[in-house]
Structure formats: C-alpha cells, structure tokens
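Source: prediction; values computed, not measured. Counting from 1, the numbers follow the sequence of the chain as shown.
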Amino acid sequence: AMLDGGTTGTASSPVDGRRTIGSISQQWFRSASTTNGSFSLISTALSVEDTNAPGDGTHRWYKAILTASGATPLEFVAEGWRVAFVAVDGGDFFSCALTALSDGGRVWCWGANDSGQLGRGFATSEEAFLPARVSGLTDVVELSVGGSHVCARKSAGAVHCWGANVGGQLGVGDFSQRTTATTVAGGLVASSLSAGRNETCAVANAQVKCWGANGAGQLGNNTTANSHTPVTVVKANGVALDSIVSVGADAHSCAVASDGKVWCWGRNSSGALGSEQSSDRPYAQEVPNLTGVAEVVVGASDNTCSRLQGG
C-alpha cells in the first residue's frame with residue numbers, strides 16, 4: 001500500500017526545498033538525498049517523529065508537530081512515505097495495517113478515534129484521514145482489530161492492546177480505555193491472537209485465554225461475568241481446552257485443535273456453535289462431524305466457516 005499523504009493544514013509552495021507548514025510558519029528542509037538523516041530542522045519548535053525512516057528513493061514519511069506557547073500541539077503529516085503492508089484489518093469505522101518485521105513490525109491506523117483506537121495517545125471525535133503509526137509499538141508479527149479496540153502480538157509473544165475497554169477487552173486489569181498500546185496483564189505469551197467486537201482471545205501454551213465481554217459465555221470459562229484479565233477456556237468438565245493451534249473470537253468463539261477438530265463456545269442463537277442446540281454455551285464443546293480443519297473464521301453476524309486441510 002502506498003501512503004502518499006501530502007501536506008495537511010496550511011502550507012506554502014516549496015522554495016529551494018523549504019516549505020512553511022501551518023499557520024505558525026514553522027519550516028522544514030529536505031535535502032536532495034534520500035538517505036537516513038537527510039532532514040534539517042529550521043525551527044526548534046518543529047519536531048520530527050522519525051528522522052531515520054527508511055527511504056524508497058523518493059519520499060520518506062514523518063510527522064511534524066507545531067507548538068505555540070501555551071497552545072496544544074498541532075500535528076501535520078508533511079510528506080508521504082511508501083509503506084509495504086503485510087496485513088490489514090478493520091473495525092467499526094477505522095482500520096489498521098502491519099508492516100513486515102523486516103520493516104520494524106509497525107502498526108499504522110486511520111479512521112475513527114473516539115476511544116483512542118488509533119493508538120496516538122489521545123481520543124477524539126474527529127476522524128483521521130491519513131494513516132499514522134501507533135506510538136511506541138514495534139516488533140509486531142500479528143494484528144487483530146475488534147469493534148473499537150486493537151491487539152497486536154510481538155515476535156516474542158507479548159500482547160499489547162489499545163482502544164475501547166468497556167467490557168475489559170484490552171485485558172489490562174481494569175475497564176478504562178487506553179490511547180496507547182498497553183501490555184495485557186499476567187505476562188501472557190501468545191502464539192495466536194483474535195479480537196472480537198468486545199472480547200479478545202489468544203492461544204498460549206496450546207490453551208485458549210480470553211478476556212472482555214462475556215454476556216453469552218464467549219470467554220469460555222463457564223461463567224457469564226466480564227473479565228478484564230485473561231481467563232482459561234474450559235470444557236464442560238472444567239478441564240482446560242488444550243492442544244489448540246488457533247482461535248477466532250467474537251460473541252461466539254471457535255478454536256482449531258492440533259488433531260483438526262473444532263471446539264466452539266459462546267452465543268448460539270443462530271446455531272453458530274455448530275450443534276443441534278440453540279442455547280448459549282459458556283464452555284467449549286466439540287463441533288460434531290467436523291474433522292481435518294486447518295482454519296476457522298467466526299463472523300460478527302453469528303456464523304462460522306472453516307477451511308479444511310489441503311485446501
């Protein structure tokens with residue numbers, strides 16, 4: 001994907017590589033070189049988020065912050081940067097994308113930000129039309145976007161979440177929203193991750209850990225109480241569901257085991273759990289007559305689909 005954002009706010013035409021950005025008339029200079037460190041600052045009131053952003057031979061991305069005495073800083077995207085994304089996911093009126101680990105494993109988000117789901121350090125009713133990187137987050141290998149929250153898994157397995165948290169879907173030990181990436185409580189080390197509308201699940205040590213809203217039993221811990229910290233998904237007998245390789249989370253959740261079988265739990269009013277029952281189930285139960293599954297996807301509209309091994 002290419003982010004070639006141009007200048008936002010009031011800006012003059014370039015003159016000898018210089019451009020006035022914003023009404024405060026701070027200036028920046030970009031030399032002809034596209035190597036790292038090729039930007040020079042004209043004013044100390046102007047800061048650049050990343051002067052060492054990799055170049056593509058034409059443009060490099062950075063964020064200029066203009067500060068006036070006693071005023072709230074104003075942010076401007078002053079130049080585009082070509083960014084290659086390896087994954088993209090969308091929530092309610094916002095989207096996020098992930099760069100390859102070789103490009104830093106960074107997350108970029110844009111759109112609605114009323115719950116801080118863009119990870120920029122603040123929440124606002126104004127939408128962001130240009131992508132920007134989530135502050136302070138690198139080394140991400142997996143990204144999952146919920147209704148108004150986002151979770152990301154780092155290469156070593158740590159999970160960080162931000163955005164809305166009314167049901168505890170961030171897993172940070174309380175129900176307050178976060179506007180920056182925050183580590184999930186309990187030292188969780190995950191191998192797979194899935195964010196639902198108001199809940200999140202992850203695979204850790206071949207078991208499923210879930211947190212957030214639980215009105216339909218979608219956390220799978222045999223209760224219907226919300227949890228702001230990870231809980232373990234169990235079977236009907238109270239024993240932890242194990243040998244799990246992947247999970248999909250929403251108002252109902254499903255997991256794929258290493259033997260290709262599928263286990264589901266949570267809301268079942270439309271038969272999304274794949275059983276003959278129509279009642280919700282707060283614990284994991286195997287989907288009958290389904291084997292050889294490689295992947296399962298749960299939908300927000302109470303449906304479930306699976307992909308079999310070998311295609």
Side-chain angles (χ1 to χ4, degrees), residues 1 3 5 8 49 61 63 65 72-73 75 77 83 85-99 104-154 158-185 188 190 193-202 210-214 218-219 226-230 248-251 253 298-301:
L3 310 181
T8 64
E49 181 180 5
W61 178 93
K63 179 174 66 178
I65 302 177
T72 301
E75 296 184 1
V77 175
V83 179
F85 292 137
V86 295
V88 63
D89 199 0
D92 291 343
F93 307 108
F94 80 106
S95 301
C96 293
L98 174 65
T99 68
R106 301 179 186 274
V107 178
W108 297 64
C109 296
W110 60 95
N113 194 33
D114 53 309
S115 297
Q117 59 265 51
L118 300 189
R120 302 187 183 190
F122 60 90
T124 176
S125 59
E126 296 183 6
E127 294 85 3
F129 296 102
L130 292 175
R133 291 190 321 207
V134 173
S135 177
L137 186 63
T138 60
D139 195 38
V140 173
V141 294
E142 185 178 12
L143 172 71
S144 189
V145 176
S148 295
H149 78 289
V150 185
C151 290
R153 179 173 60 89
K154 288 194 169 188
V159 177
H160 300 256
C161 300
W162 61 95
N165 196 30
V166 64
Q169 60 263 46
L170 302 186
V172 294
D174 58 49
F175 296 101
S176 299
Q177 71 180 25
R178 296 293 194 277
T179 60
T180 57
T182 305
T183 306
V184 170
L188 181 73
L193 177 68
S194 179
R197 176 169 294 278
N198 296 304
E199 54 283 306
T200 309
C201 291
C210 296
W211 56 94
N214 196 29
Q218 61 262 49
L219 300 189
N226 295 352
S227 178
H228 52 50
T229 56
D250 208 272
S253 300
V298 300
S301 299

Pair N214, S227 - check side-chain contact (heavy atoms from CB on, under 4.5 Å), show working. CA-CA 7 Å; N214 196 29; S227 178; over 6 Å; no
Rounded at 0.5 Å granularity, tell me how far [atom1] in [X] sits from [atom2] in [Y].
| X | Y | atom1 | atom2 | answer |
| --- | --- | --- | --- | --- |
| L193 | K154 | CG | NZ | 14.0 Å |
| S176 | N165 | OG | CG | 7.0 Å |
| R197 | S148 | CZ | OG | 7.5 Å |
| C151 | R153 | SG | CZ | 12.0 Å |
| L98 | S144 | CG | OG | 11.5 Å |
| S135 | W162 | OG | CH2 | 10.5 Å |

Please give me the minimum heavy-atom distance between [X] and [Y], naming the atom from each residue.
| X | Y | value |
| --- | --- | --- |
| V145 | C96 | CG2-CB, 4.0 Å |
| A202 | W211 | CB-CH2, 4.0 Å |
| P230 | G171 | CD-O, 4.3 Å |
| V107 | L143 | CG1-CD1, 4.0 Å |
| T229 | A185 | CG2-CB, 4.1 Å |
| E142 | V140 | O-CG1, 3.4 Å |

Test side chain to side chain donor-acceptor pair (under 3.5 Å) applied to [X] - qualifying residues, sequence neighbours left out:
| X | answer |
| --- | --- |
| Q177 | none |
| N226 | none |
| T180 | none |

Within the side chain of [X], is there an N or O that forms a donor-acceptor pair under 3.5 Å with the backbone of [Y]?
| X | Y | result |
| --- | --- | --- |
| T200 | A195 | no |
| S115 | G163 | no |
| T99 | R106 | yes |

Can you spot which of H149, Q169, Q218 makes a side-chain hydrogen bond (donor to acceptor under 3.5 Å, both in side chains) with E199?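 Output: one option passes, namely Q218.
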Stepwise, does the side-chain contact (heavy atoms from CB on, under 4.5 Å) test hold for T182 with L170? CA-CA 8 Å; T182 305; L170 302 186; over 6 Å; no
Start with the C-alpha gap between V184 and C161, add the side-chain angles, then the distance that decides, and say whether side-chain contact (heavy atoms from CB on, under 4.5 Å) holds. CA-CA 7 Å; V184 170; C161 300; 3.8 Å; yes
Side chains of F94 and V150, heavy atoms from C-beta outward: is any pair under 4.5 Å?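 A side-chain contact under 4.5 Å exists here.
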In terms of relative ring orientation, are W110 and F85 parallel, tilted or perpendicular, with 30° and 60° separating the classes?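 Ring orientation, 0 to 90° scale: parallel.
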